[in-house]
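For reference, the structure discussed in these notes is given below.
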Amino acid sequence: MSFANHQDIRIGTIVRFGSGADYIRQILPHGFECFQFMAWQYLGETNLEESAKEIADAIGDQAIISSVGVYGNPLQDDQTLADWETLIKGARLFGTNIVCGFAGAQEDRPVDENMPRFREVWGRLAKIAEDEGVRIAFENCDMGGTWNRPQWNIAHSPRAWEMMFNEVPSEAIGLEWEPCHQLVSLVDPIRNLRKWVKRVYHVHGKDATVNWDVIQDQGLRSGHSAVWHRTPGFGDTNWSDVISILRLAGFRGAIDIEGWHDPVYRDELEMTGQVHGLNYLKGCRGSAFVANPVTK
């Protein structure tokens with residue numbers, strides 16, 4: 001497959017480091033155009049050079065690596081912090097300049113009181129990223145935390161983003177955005193994206209369905225599920241609007257589907273849901289590229 005006339009926004013999925021070349025080769029024929037490779041908390045025994053070669057051999061010219069990431073708590077966990085630095089310096093091995101993950105959190109204090117530690121950690125890493133030509137993208141997931149007691153990640157609120165970008169005024173840091181986490185907070189994702197699109201460096205393909213009956217009858221603290229995480233195509237977000245906003249802002253990059261969350265399309269239906277999401281997002285993007293007629 002040639003990407004010479006490919007769309008400006010590629011649609012892919014997330015794969016864990018260590019899943020193996022065989023897994024990649026099995027899902028490539030479904031039409032995924034890119035992959036985010038990630039580790040949960042730590043890189044562990046991952047050898048970046050060997051992993052990059054194995055992935056490149058499996059992908060060939062059929063797709064690209066959109067980004068790499070490590071999802072832990074770098075404001076409290078020194079190993080996660082060290083792995084962030086390793087990935088920032090090693091991203092070029094994978095042919096990408098986007099490194100993603102959580103901003104971290106000091107979990108014993110409110111978000112605003114995290115800012116000195118955020119500045120200490122990310123001021124240094126942002127400088128390394130600038131030197132490496134890398135952009136850092138913070139996922140906007142709350143990880144079950146709140147403003148007063150954040151967990152894993154302070155980058156879950158637009159108010160926090162304003163503070164973070166003021167503390168570290170570097171274009172090397174931005175957002176790994178997805179509408180799901182906005183809907184969980186009852187934030188309008190379309191309005192939110194319009195405001196913050198220039199700081200969006202990577203997009204996770206995950207949506208949500210808000211159960212307004214539960215909210216109106218029971219509120220958010222009843223113990224009943226009020227918001228379900230969904231694969232794109234099954235949730236509340238208009239992804240045609242999302243892609244239009246991204247394009248109008250000049251975004252060139254990837255939407256990688258974050259699976260394993262949908263309450264219906266999971267287990268034996270996981271890849272069924274992901275491939276539906278892939279084709280749905282391609283449709284929202286405008287389907288296949290069609291060249292304009294040549295005029296004289």
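- Inter-residue side-chain proximity for Asn192 and Pro158 is flagged as met; some heavy-atom pair is nearer than 4.5 Å.
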> Given the rule in the salt bridge (Lys or Arg N to Asp or Glu O under 4.0 Å) test, do Arg10 and Glu33 qualify, once you have shown the distances and angles that lead to the verdict?
Replying inline: CA-CA 6 Å; Arg10 294 185 173 95; Glu33 300 164 349; 5.8 Å; no
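- By the 4.0 Å N-to-carboxylate-O rule, Lys206 lies too far from Glu139 to be salt-bridged with it.
- Atom CG of Leu281 is separated from atom OG1 of Thr13 by 10.5 Å, given to the nearest 0.5 angstrom.
- In summary, the aromatic rings of Tyr23 and Phe35 are positioned with their centroids too far apart to meet the 6.0 Å limit.
- Inter-residue side-chain proximity for Leu75 and Val121 is flagged as met; some heavy-atom pair is nearer than 4.5 Å.
- At least one side-chain heavy atom of Gln36 sits less than 4.5 Å from a side-chain heavy atom of His204.
- Of the N and O atoms on the side chains of Gln26 and Asp22, at least one donor lies less than 3.5 Å from an acceptor on the other residue.
- Expressed to the nearest 0.5 Å, how far OH of Tyr42 lies from OG1 of Thr86 amounts to 14.0 Å.
- A heavy-atom distance below 4.5 Å is not found between the side chains of Ser157 and Val111.
- In this structure, the side chains of Ile59 and Ile64 stay at 4.5 Å or more apart for every pair of heavy atoms.
- Atom OG1 of Thr237 is separated from atom CG of Leu183 by 4.5 Å, given to the nearest 0.5 angstrom.
- Aromatic rings from Phe234 and Tyr265 are positioned such that their centres are separated by under 6.0 Å.
- The two residues Ala52 and Leu93 come nearest to each other via the heavy atoms CB-O, 3.5 Å.
- Between atom OH of residue Tyr71 and atom CH2 of residue Trp40 there is a gap of 9.0 Å, rounded to the nearest 0.5 Å.
- No side-chain heavy atom of Phe37 sits under 4.5 Å from any side-chain heavy atom of Leu87.
- For the pair Leu48 and Phe94, the minimum side-chain heavy-atom distance is below 4.5 Å.
- Cation-pi check for Arg199 over Trp161 is not met; the charged atom does not lie both under 6.0 angstrom from the ring centroid and within 45 degrees of its normal.
- A donor-acceptor pair is defined here as one N or O able to donate and one able to accept, closer than 3.5 Å; no such pair exists between the side chain of His30 and the backbone of Leu28.
- Between His181 and His229, the ring-plane angle classifies as perpendicular under the 30° and 60° cut-offs.
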> Please walk me through it: do Trp84 and Ile128 pass side-chain contact (heavy atoms from CB on, under 4.5 Å)?
Replying inline: CA-CA 11 Å; Trp84 258 103; Ile128 295 172; over 6 Å; no
>> With salt bridge (Lys or Arg N to Asp or Glu O under 4.0 Å) as the criterion, how do Arg117 and Glu120 come out once you've worked through the C-alpha distance, each side chain's angles and the decisive distance to 0.1 Å?
In response: CA-CA 5 Å; Arg117 176 63 174 162; Glu120 175 189 3; 3.2 Å; yes
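- Partner of Val99 under the side-chain contact (heavy atoms from CB on, under 4.5 Å) criterion, out of Val134, Leu125, Val70: Val134 alone.
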> Does the pair Trp239 and Val203 meet the rule for a side-chain contact (heavy atoms from CB on, under 4.5 Å), with working shown?
Replying inline: CA-CA 12 Å; Trp239 284 86; Val203 177; 4.3 Å; yes
>> Test side-chain contact (heavy atoms from CB on, under 4.5 Å) on Arg119 and Met164; report intermediate values, then the result.
In response: CA-CA 8 Å; Arg119 181 174 62 251; Met164 291 159 53; over 6 Å; no
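- Note that OG1 of Thr80 is 6.5 Å distant from CG of Asp83, once rounded to the nearest 0.5 Å.
- Without hydrogens or angle criteria, Asp207 side chain to Arg230 main chain gives no donor-acceptor distance under 3.5 Å.
- Side chains of Glu113 and Gln106 form no contact here, defined as non-hydrogen atoms less than 4.5 Å apart.
- The environment of Trp228 atom CH2 is sparse: at most 12 non-hydrogen atoms of other residues, nucleotides or ligands sit within 6.0 angstrom.
- Here CD1 of Ile215 is found 5.0 Å from CG of Leu220. Values are rounded to the nearest 0.5 Å.
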